[in-house]
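All residue numbers refer to positions in the sequence shown, counting from 1.
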Amino acid sequence: MKRLIAYFVSGMRTASFVYLSLVLLAQFYSGITYPAPTTKNILALFLMSGIMGVLTLILERLEFLAYSMRVGVHLLATATILVLTYLFFGWSSALLSPLLWFFFLLIYGLIWLYQIWQTHKLTQRINQALEDKRKKTNH
């Protein structure tokens with residue numbers, strides 16, 4: 001349960017960062033649109049992104065699938081969550097916008113690049129710790 005909550009919060013954290021980045025960019029580029037920070041929109045963002053975070057946890061557990069297959073399933077499931085959220089909150093007309101899907105794929109790609117970078121950094125730290133431990137035991 002603790003891990004489930006951690007992934008839910010992680011999804012919310014990631015989406016909040018992306019949303020606030022869009023709000024900031026819109027201050028400099030008036031052409032950028034984003035959902036207004038209303039109670040309904042904020043709750044929708046938290047719910048949608050939290051569920052996406054939990055989805056990540058679920059797909060991590062499906063080790064019988066190849067990694068690329070899990071990423072593909074994650075992308076499709078994330079898009080489905082986006083569509084369901086938009087339908088639930090009455091934003092269905094926005095789903096027809098190619099710009100929405102462009103930004104969805106752009107943001108999705110950036111988040112995965114960040115995840116890959118984080119994994120790389122963690123791997124480097126683990127390898128360095130193992131190397132340091134090996135050097136200590138050889139002396």
Side-chain angles (χ1 to χ4, degrees):
M1 184 61 145
K2 186 177 180 182
R3 194 169 165 113
L4 187 74
I5 292 169
Y7 274 78
F8 190 90
V9 171
S10 176
M12 287 177 23
R13 181 186 64 227
T14 301
S16 297
F17 173 77
V18 170
Y19 178 75
L20 289 173
S21 297
L22 287 174
V23 171
L24 178 64
L25 283 173
Q27 303 305 308
F28 300 105
Y29 304 103
S30 59
I32 294 177
T33 58
Y34 58 90
T38 64
T39 302
K40 179 181 172 184
N41 292 347
I42 292 168
L43 289 174
L45 177 73
F46 283 164
L47 179 65
M48 178 179 63
S49 58
I51 292 170
M52 288 176 185
V54 171
L55 173 65
T56 302
L57 172 65
I58 293 167
L59 289 174
E60 279 182 2
R61 305 254 176 176
L62 300 178
E63 295 176 357
F64 63 89
L65 290 176
Y67 183 75
S68 58
M69 182 67 98
R70 284 187 278 170
V71 172
V73 169
H74 187 273
L75 174 63
L76 292 175
T78 301
T80 302
I81 292 168
L82 178 77
V83 168
L84 292 174
T85 303
Y86 270 55
L87 292 174
F88 181 78
F89 283 95
W91 304 327
S92 56
S93 61
L95 292 171
L96 301 175
S97 170
L99 199 55
L100 168 75
W101 296 105
F102 170 76
F103 278 113
F104 170 75
L105 292 173
L106 177 68
I107 291 166
Y108 190 87
L110 290 173
I111 290 169
W112 271 106
L113 285 175
Y114 174 76
Q115 293 296 331
I116 291 167
W117 178 72
Q118 285 289 87
T119 302
H120 174 72
K121 297 300 280 181
L122 177 62
T123 303
Q124 282 183 324
R125 284 197 310 266
I126 291 170
N127 286 339
Q128 187 61 49
L130 290 171
E131 179 71 25
D132 293 346
K133 185 176 180 179
R134 189 175 54 85
K135 285 180 182 177
K136 287 180 183 179
T137 57
N138 287 337
H139 288 282

Indicate yes or no: at least one non-hydrogen side-chain atom of [X] is less than 4.5 angstrom from one of [Y].
{"X": "Leu24", "Y": "Leu20", "answer": "no"}
{"X": "Ile111", "Y": "Phe17", "answer": "no"}
{"X": "Ile5", "Y": "Met1", "answer": "yes"}
{"X": "Arg61", "Y": "Leu57", "answer": "yes"}

Distance-minimising heavy-atom pair for [X] and [Y]:
{"X": "Arg70", "Y": "Leu65", "value": "NE-O, 3.4 Å"}
{"X": "Ala94", "Y": "Leu100", "value": "O-CD2, 3.4 Å"}
{"X": "Ser16", "Y": "Phe46", "value": "OG-CE2, 3.6 Å"}
{"X": "Leu4", "Y": "Val54", "value": "CD1-CG1, 3.5 Å"}
{"X": "Met12", "Y": "Ser49", "value": "CA-OG, 3.3 Å"}

Next on the checklist: Show me the pairs that pass side chain to side chain donor-acceptor pair (under 3.5 Å) and involve residues 106-117, at least two apart or across chains.
Outcome noted: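 Only His74-Tyr108, Tyr108-Trp112, Tyr114-Gln118 qualify under side chain to side chain donor-acceptor pair (under 3.5 Å).
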For the hydrophobic clusters of this structure (ILVMFWY residues joined by side-chain heavy atoms under 4.5 Å, transitively), does one cluster hold both [X] and [Y]?
{"X": "Ile42", "Y": "Phe8", "result": "yes"}
{"X": "Phe88", "Y": "Leu43", "result": "no"}
{"X": "Leu76", "Y": "Ile58", "result": "no"}
{"X": "Met52", "Y": "Val83", "result": "yes"}
{"X": "Leu96", "Y": "Trp101", "result": "no"}

Checklist entry - Are Phe104 and Leu106 close enough, and set up right, to give a side chain to side chain contact (heavy atoms under 4.5 Å, CB included), and what steps lead you there? => result CA-CA 6 Å; Phe104 170 75; Leu106 177 68; over 6 Å; no
Item to check | Evaluation steps, side chain to side chain donor-acceptor pair (under 3.5 Å), between Ser10 and Arg13 | outcome: CA-CA 5 Å; Ser10 176; Arg13 181 186 64 227; 3.2 Å; yes
Checklist entry - How far does CG of Leu59 sit from CE of Met69, to the nearest 0.5 angstrom? => result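 One gets 11.5 Å once the value is rounded to the nearest 0.5 Å.
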Next on the checklist: Working to the nearest 0.5 angstrom, can you tell me the gap between Thr78 OG1 and Leu105 CG?
Outcome noted: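 CG of Leu105 is found 11.0 Å from OG1 of Thr78.
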Next on the checklist: Using side chain to side chain contact (heavy atoms under 4.5 Å, CB included), reason through Leu55 and Tyr7 one step at a time and then give a plain yes or no.
Outcome noted: CA-CA 8 Å; Leu55 173 65; Tyr7 274 78; over 6 Å; no
Next on the checklist: Suppose we screen for side chain to side chain donor-acceptor pair (under 3.5 Å). Which residues come up paired with Tyr86, at least two apart in sequence or across chains?
Outcome noted: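 For Tyr86, no residue satisfies side chain to side chain donor-acceptor pair (under 3.5 Å) once neighbours in sequence are set aside.
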Item to check | Pairs meeting criterion salt bridge (Lys or Arg N to Asp or Glu O under 4.0 Å) with involvement of residues 43-60, two or more places apart | outcome: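 As it turns out, the salt bridge (Lys or Arg N to Asp or Glu O under 4.0 Å) pairs with a partner in residues 43-60, which skip direct neighbours, are Arg3-Glu60.
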Checklist entry - Is a side-chain N or O of Thr85 found less than 3.5 angstrom from the main chain of Ile81, in a donor-acceptor match? => result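 Yes, Thr85 side chain to Ile81 backbone: donor-acceptor pair under 3.5 Å.
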Item to check | Worked verdict on Thr123 versus Thr119 for side chain to side chain contact (heavy atoms under 4.5 Å, CB included) | outcome: CA-CA 6 Å; Thr123 303; Thr119 302; 4.2 Å; yes
Checklist entry - Under 3.5 Å, is there a donor-acceptor pair linking the side chains of Gln128 and Asp132? => result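 Asp132 and Gln128 do have a side-chain donor-acceptor pair below 3.5 Å.
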